Visitor: 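Quick one: structure below, then a few questions.
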Amino acid sequence: MSEPKSNFIYSEIENDIKNGVYEQAKLITRFPPEPNGYLHIGHAKAIYISFSVREKYGGQTNLRFDDTNPAKEEQEFAESQIEDIKWLGYDWDNLFYASSYFGKMYEYAHELIAKGLAYIDDQSPDEIKLTRGSLTKPGVPSPYRDRSIEENAELFTAMKDGKFKAGERVLRAKIDMSSPNMNMRDPVMYRILHETHHMTGDEWCIYPMYDYAHPIEDAIENITHSLCSLEYEDHRPLYEWVLNNLDDYKENQPRQIEFARLAIENALTSKRYIKMLVDQGIVDGWDDPRLFTLRGIRRRGITPAALRRFCEEVGVAKSNSIVPRAQLDYFVREDLQKISPKAMAVIEPIRLVIENYPEGEHEILKIANDDGTERDVPFGRELYIEAEDFEIEPPPKYRRLYIGNEVRLIGAYIIKCTGYSIDENGGMSVQAVYDPETKSGTGSAKKAKGTIHWVHAPSAVAITTRGFTDLYNASAPGEGILDKINKDSIIEKTSYAEPAVGATEPSGRWQFLRKGFYVLDSKLSSGENLVFNMTVSLKSSWKPEA
RNA sequence: AGGGGUAUAGCCAAGUUGGUAAGGCAACGGAUUUUGAUUCCGUCAUUGCGUAGGUUCGAGUCCUGCUACCCCUGCCA
């Protein structure tokens with residue numbers, strides 16, 4: 001793995017090391033997902049960032065499930081997240097659950113109460129909302145704000161003991177109702193939730209809020225740099241407030257640093273929308289290849305190595321930016337180029353008959369692979385070629401097949417197109433003659449301007465290829481996400497590939513000449529046909545309209 | 001009585017004490033080629049770093065004013 005590209009987070013960390021705030025050997029970061037859904041490509045960047053600190057400086061990186069809200073979390077999600085992170089190629093030093101600190105957090109809450117820094121509020125959610133003020137107006141203090149320390153402690157214990165219903169009481173930090181930072185206007189730190197937690201069961205009926213729990217989680221685990229996304233910048237003062245007011249953590253506090261999330265052009269990464277698509281059956285699950293969930297792009301054929309390279313090159317900064325798809329595609333191609341064997345496959349076939357090739361005969365051609373080896377490819381009178389490789393009326397600069405033009409069949413002969421016919425079903429058939437003297441590898445001096453791929457019709461393996469149009473992110477105001485979704489965005493075609501492809505293993509990837517990289521669909525593979533998902537098209541500098 | 005952020009090429013993005021604008025994507029040339037792919041070479045910010053001023057021998061980097069965009073009023077994370 002190459003040296004990670006520099007970014008402002010590394011600069012901050014290096015300054016901290018230089019200033020003696022932290023020792024390099026003790027650097028600890030964490031990736032703290034809430035187990036409430038499947039991970040998507042945006043998480044890949046967050047994972048990359050935290051783990052890259054360990055790659056660059058040593059130290060540790062932990063995986064921690066931020067499971068403080070049992071109403072939304074499930075063990076199933078935690079397990080899927082574990083699988084996805086492993087798939088990405090990362091292995092954590094420790095696996096933690098925030099829920100295992102509930103006891104500690106409860107004690108710390110009593111500490112804050114004892115210090116007069118937290119109080120029980122009896123107001124309803126609506127009352128709290130109304131009295132919080134607005135962006136330009138200060139909030140008004142709760143009538144319960146000045147309860148005695150003793151009463152607060154008793155009430156908090158009663159909350160924990162299940163004496164109240166959800167929503168009846170809440171523990172609030174006593175900070176500043178007129179702070180310009182809304183997060184500091186006496187934020188709620190504990191709420192009552194009579195829910196069964198996927199880890200702690202029914203042990204608790206009060207659960208800590210993120211803003212209270214997260215700094216404690218980080219501090220307990222000796223995190224040195226708590227890396228999170230930009231929307232938490234406003235929460236940092238509260239993060240620090242919590243730790244500054246707990247005797248255990250006055251020293252050696254973790255430091256929160258925020259970065260901009262990854263946004264890819266037209267990629268839908270909102271958990272809410274993805275869930276909607278799954279629930280309404282518009283996609284066939286969280287791993288639908290049109291989705292940008294990690295499982296979706298995995299099924300599409302994008303590799304972990306490509307994703308990591310992509311994250312690295314895209315960089316880490318604080319400005320909200322949108323990366324074009326071409327940038328992701330480039331790294332996918334770069335990786336696939338190295339690992340995918342090449343083969344010929346005709347995605348949208350038309351027939352080609354070589355009229356001067358003896359009927360009933362065929363031959364086995366040796367075609368060179370990239371690694372210097374050769375593979376056997378049958379050749380004969382009847383072939384399939386790509387529909388787009390023949391034009392009745394060729395556009396300007398077209399190099400491929402049209403009547404009278406010569407073209408090389410990859411690894412075989414130069415042929416000349418003599419005519420075409422269309423049968424009653426609309427099926428196109430092209431006729432040509434070949435020049436036996438031009439066999440590849442025999443040193444023939446004859447050149448053809450174009451080169452096209454082909455498969456021998458009688459021995460080709462039938463495959464089903466599946467391309468898809470993308471699901472678009474509906475961010476335009478007034479436009480519902482569902483309006484922009486094309487339910488029929490998967491297009492399946494019957495295609496033909498050379499026999500080598502038929503021997504492919506599940507999850508194998510192939511580069512189909514001039515058509516792109518295809519991956520065997522590991523989920524939908526069925527029957528006698530192999531099913532391929534289109535992953536990334538090759539670059540093409542030729543445009544018909546030019 | 002709002003607060004917190006961000007602004008460097010078409011798109012990302014380096015640039016840490018002020019010293020004369022990295023890298024990647026895209027694009028465009030050219031070489032090789034049994035894929036219009038790959039690979040390989042080359043080009044791509046010169047009164048320029050959102051804008052208007054200021055300090056300085058010298059500013060993307062420091063100062064002041066302005067503008068644009070993003071985030072914040074969950075008992076979500």
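Chain identifiers are assigned alphabetically (A, B, ...) following the order of the sequence lines, protein sequences preceding nucleic acid strands; residue numbering begins at 1 within each chain. Everything numeric in this text was worked out from a predicted model, so none of it was measured.
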Visitor: If B/U39 has a Watson-Crick or G-U wobble mate with both distances under 3.5 Å, name it; if not, just say none.
Guide: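 Pairing partner, where one exists within any strand: B/A31.
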Visitor: Tell me whether the OP1 or OP2 atom of B/G74 has a side-chain N or O from A/Arg132 closer than 4.0 Å.
Guide: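 Result: yes.
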Visitor: When all nucleic acid strands are considered with a 4.0 Å heavy-atom cut-off, which category describes A/Glu14: base, sugar-phosphate, or nothing?
Guide: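 Touches nothing.
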Visitor: Could you check whether A/Ser124 gets within reach of a base, just the sugar-phosphate, or nothing at all, counting any heavy atom under 4.0 Å?
Guide: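 Here A/Ser124 touches the bases of the nucleic acid.
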Visitor: Just N and O in the side chain of A/Ser179: are any of them under 4.0 Å from OP1 or OP2 of B/G3?
Guide: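 No, because none of the side-chain N or O atoms of A/Ser179 sits under 4.0 Å from OP1 or OP2 of B/G3.
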Visitor: Base, sugar-phosphate, or nothing: which does A/Glu217 touch, judged by heavy atoms less than 4.0 Å apart?
Guide: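 Contact class for A/Glu217: none.
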Visitor: So what does A/Lys342 hit on the nucleic acid, given a heavy-atom distance under 4.0 Å: a base, only sugar-phosphate, or nothing?
Guide: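 Base contact.
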Visitor: Between B/G3, B/U73, B/G36, which one does the side chain of A/Met182 approach most closely?
Guide: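 For the A/Met182 side chain, the nearest candidate turns out to be B/U73.
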Visitor: Determine which nucleotide pairs with B/G65, using a 3.5 Å limit on both distances of a Watson-Crick or G-U wobble pair.
Guide: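 Here B/G65 is engaged in a pair, and the nucleotide opposite it is B/U51.
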Visitor: From B/C75, B/A26, B/C72, pick the nucleotide closest to the side chain of A/Ile128?
Guide: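 Of all the options, the side chain of A/Ile128 is nearest to B/C75.
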Visitor: Scan A/His235 against the nucleic acid and name what it touches under 4.0 Å (heavy atoms): base, sugar-phosphate only, or nothing.
Guide: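 Contact class for A/His235: base.
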Visitor: Where the side chain of A/Leu135 is concerned, which of B/C72, B/G4, B/U38 is the nearest nucleotide?
Guide: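 Of the options given, the side chain of A/Leu135 lies nearest B/C72.
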Visitor: Paired with B/G2: which nucleotide, if any, by Watson-Crick or G-U wobble criteria at under 3.5 Å for both distances?
Guide: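 Here B/G2 is engaged in a pair, and the nucleotide opposite it is B/C72.
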Visitor: Determine whether more than 12 heavy atoms belonging to other residues, nucleotides or ligands lie under 6.0 Å from atom CZ of A/Arg261.
Guide: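 Atom CZ in A/Arg261 is not packed in, count stays at 12 or less.
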Visitor: Fit a plane to each ring of A/Tyr434 and A/Phe379, take the angle between them on a 0 to 90° scale, and name the class: parallel (under 30°), tilted (30 to 60°) or perpendicular (over 60°).
Guide: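 A/Tyr434 vs A/Phe379 ring planes: tilted.
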Visitor: Within the structure shown, what part of the strands sits under 4.0 Å from A/Ser321 by heavy-atom distance: base, sugar-phosphate, or nothing?
Guide: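 Here A/Ser321 touches the backbone only, sparing every base.
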Visitor: Establish, with yes or no, whether the OP1 or OP2 oxygen of B/G15 is under 4.0 angstrom from a side-chain nitrogen or oxygen of A/Ser11.
Guide: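 A/Ser11 to B/G15 OP1/OP2: side-chain N or O found under 4.0 Å.
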Visitor: At under 4.0 Å, does any side-chain N or O of A/Arg309 touch on OP1 or OP2 of B/G24?
Guide: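 No, no such contact exists.
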Visitor: Mind checking if A/Pro324 touches a base, just sugar-phosphate, or nothing, with heavy atoms under 4.0 Å?
Guide: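 Result for A/Pro324 = sugar-phosphate.
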Visitor: For B/C44, give the paired nucleotide (Watson-Crick: N1-N3 plus N6-O4 or O6-N4; G-U: N1-O2 and O6-N3; both under 3.5 Å), or none.
Guide: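 Pairing partner: none.
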Visitor: When you get a sec, tell me which of B/G3, B/A14, B/C75 is the closest nucleotide to the side chain of A/Pro180?
Guide: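 Nearest to the side-chain atoms of A/Pro180, counting from C-beta on, is B/G3.
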Visitor: What's the closest nucleotide to the A/Gln327 side chain, out of B/C75, B/U38, B/G24?
Guide: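 Of B/C75, B/U38, B/G24, B/G24 is nearest to the side chain of A/Gln327.
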Visitor: Consider the side chain of A/Asp234, meaning its heavy atoms from C-beta on, and name the nucleotide among B/G4, B/C76, B/U16 that approaches it most closely.
Guide: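 Per side-chain heavy atoms of A/Asp234, the pick is B/G4.
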Visitor: Considering every strand shown, what is the Watson-Crick or G-U wobble mate of B/A13 when both distances are under 3.5 Å?
Guide: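 With both distances under 3.5 Å required, B/A13 matches none.
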Visitor: Under 4.0 Å between a side-chain N or O of A/Tyr330 and OP1 or OP2 of B/C25?
Guide: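 Checking A/Tyr330 against B/C25: at least one side-chain N or O falls below 4.0 Å of OP1 or OP2.
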Visitor: Could you measure between the two P atoms, the one in B/G60 and the one in B/G54, and give it in whole Å?
Guide: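 Comparing P positions in B/G60 and B/G54 gives a spacing of 15 Å.
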Visitor: I need the CE-C1' distance between A/Met184 and B/G2, as an integer number of Å.
Guide: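 Rounding to the nearest Å, CE of A/Met184 and C1' of B/G2 are 15 Å apart.
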Visitor: Within the structure shown, what part of the strands sits under 4.0 Å from A/Phe331 by heavy-atom distance: base, sugar-phosphate, or nothing?
Guide: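 Answer is sugar-phosphate: A/Phe331 comes under 4.0 Å of backbone atoms only.
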Visitor: Whether A/Lys342 engages the ring of A/Phe512 as a cation-pi pair (distance to the six-membered ring centre under 6.0 angstrom, angle to the ring normal within 45°) should be assessed.
Guide: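 Because its charged atom misses either the 6.0 Å distance or the 45° angle limit, A/Lys342 does not stack over A/Phe512.
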Visitor: Please give me the minimum heavy-atom distance between A/Glu348 and A/Glu386, naming the atom from each residue.
Guide: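 For A/Glu348 versus A/Glu386, the nearest heavy atoms are N-OE2, 2.6 Å.
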Visitor: Expressed in whole Å, how much space separates the C1' atoms belonging to B/G48 and B/U61?
Guide: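 About 14 Å, rounded to a whole number of Å.
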Visitor: I need the CD-P distance between A/Glu313 and B/A22, as an integer number of Å.
Guide: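 That distance rounds to 17 Å.
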Visitor: For A/Ala118 versus A/Asn152, what's the shortest heavy-atom pair and its separation?
Guide: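 Taking every non-hydrogen atom into account, O-ND2, 3.7 Å.
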Visitor: At what distance, to the nearest 0.5 angstrom, does OG1 of A/Thr293 lie from OH of A/Tyr38?
Guide: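 A/Thr293 atom OG1 to A/Tyr38 atom OH measures 9.5 Å (nearest 0.5 Å).
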Visitor: Classify the angle between the aromatic ring planes of A/Tyr106 and A/Phe156 as parallel (below 30°), tilted (30 to 60°) or perpendicular (above 60°).
Guide: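 Plane angle under 30°, so parallel.
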Visitor: Looking at A/Ser319, I'd like to know whether one of its side-chain N or O atoms comes within less than 4.0 Å of OP1 or OP2 on B/A13.
Guide: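 For B/A13, OP1 or OP2 has a side-chain N or O of A/Ser319 closer than 4.0 Å.
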